Amino acid sequence: MTRNYFNIIIALLVALALTTACASKNGSEDTKALTQKAIATATKAAKAVVETNHSDTLAMQNAILEAKAMQAEFQVTGDTSVINSYNRAFKKYLQENDPGLAKEMFIERPKDLPKDEQWDEFEQLVKVTNPQEQ
């Protein structure tokens with residue numbers, strides 16, 4: 001995987017974390033309809049990413065940016081449950097259809113994290129362990 005592709009993935013994760021952290025909830029009727037639409041849209045976006053030639057970094061960047069653009073429709077609602085539905089459906093599709101790509105795109109729960117501490121890969125930022133790497 002090229003370095004540019006990795007940077008796009010990190011940017012996507014950071015954007016997901018920031019938008020999820022800033023969102024708030026709306027009404028339940030609208031939420032149910034939006035949730036179903038978010039899941040369908042995320043599945044479509046993830047399918048496009050999986051079907052893209054992974055060695056073509058430009059095509060992969062475009063597919064990821066398209067997925068991000070599709071996600072923006074739900075981010076503007078400010079409803080965290082809708083946003084999370086999109087995020088989780090996107091990740092689930094990738095895990096089921098391209099586990100290697102999913103593993104590279106999403107940060108796994110650290111093994112040394114205490115079991116009682118919550119973990120959400122969409123809300124975690126990549127931490128630099130060595131300050132000289134910045």
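What you see is a predicted model, and the numbers here were worked out from it, not measured in a lab.
- Here the closest non-hydrogen pair linking Y93 and A46 is CD2-CB, 3.5 Å.
- No donor-acceptor pair closer than 3.5 Å links the side chain of D98 to the backbone N or O of L94.
- Taking 4.5 Å as the limit, some side-chain heavy atom of K37 sits within range of a side-chain heavy atom of F74.
- Residues M70 and F90 have side chains not in contact (no heavy-atom distance under 4.5 Å, counting atoms from C-beta outward).
- Put simply, the side chain of T52 never gets that close to the backbone of H54: no donor and acceptor are under 3.5 Å apart.
- Here the CD atom belonging to Q75 is positioned 12.0 Å from the OG1 atom belonging to T80, to the nearest 0.5 angstrom.
- With sequence neighbours excluded, the residues that form a side-chain contact (heavy atoms from CB on, under 4.5 Å) with T35 are T31, I39, V82, S85.
- The closest side-chain heavy-atom distance from Q61 to I64 is not below 4.5 Å.
- Not counting sequence neighbours, the partners of N53 by the side-chain contact (heavy atoms from CB on, under 4.5 Å) test are S55, D56.
- Across all non-hydrogen atoms, the minimal contact from A89 to A42 is CB-CB, 3.8 Å.
- Using a 4.5 Å heavy-atom cutoff, the side chains of K91 and R88 are not in contact.
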side-chain contact (heavy atoms from CB on, under 4.5 Å) between N87 and Q71, intermediate numbers included: CA-CA 8 Å; N87 294 344; Q71 182 198 45; 2.6 Å; yes
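- Of the residues T77, I83, N84, D79, the one that meets the side-chain contact (heavy atoms from CB on, under 4.5 Å) test with S81 is D79.
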Give the intermediate values and the outcome of side-chain contact (heavy atoms from CB on, under 4.5 Å) for residues L101 and V49. CA-CA 9 Å; L101 181 60; V49 170; 3.7 Å; yes
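- Between the CD atom in E73 and the OH atom in Y86 there is a gap of 9.5 Å [rounded to 0.5 Å].
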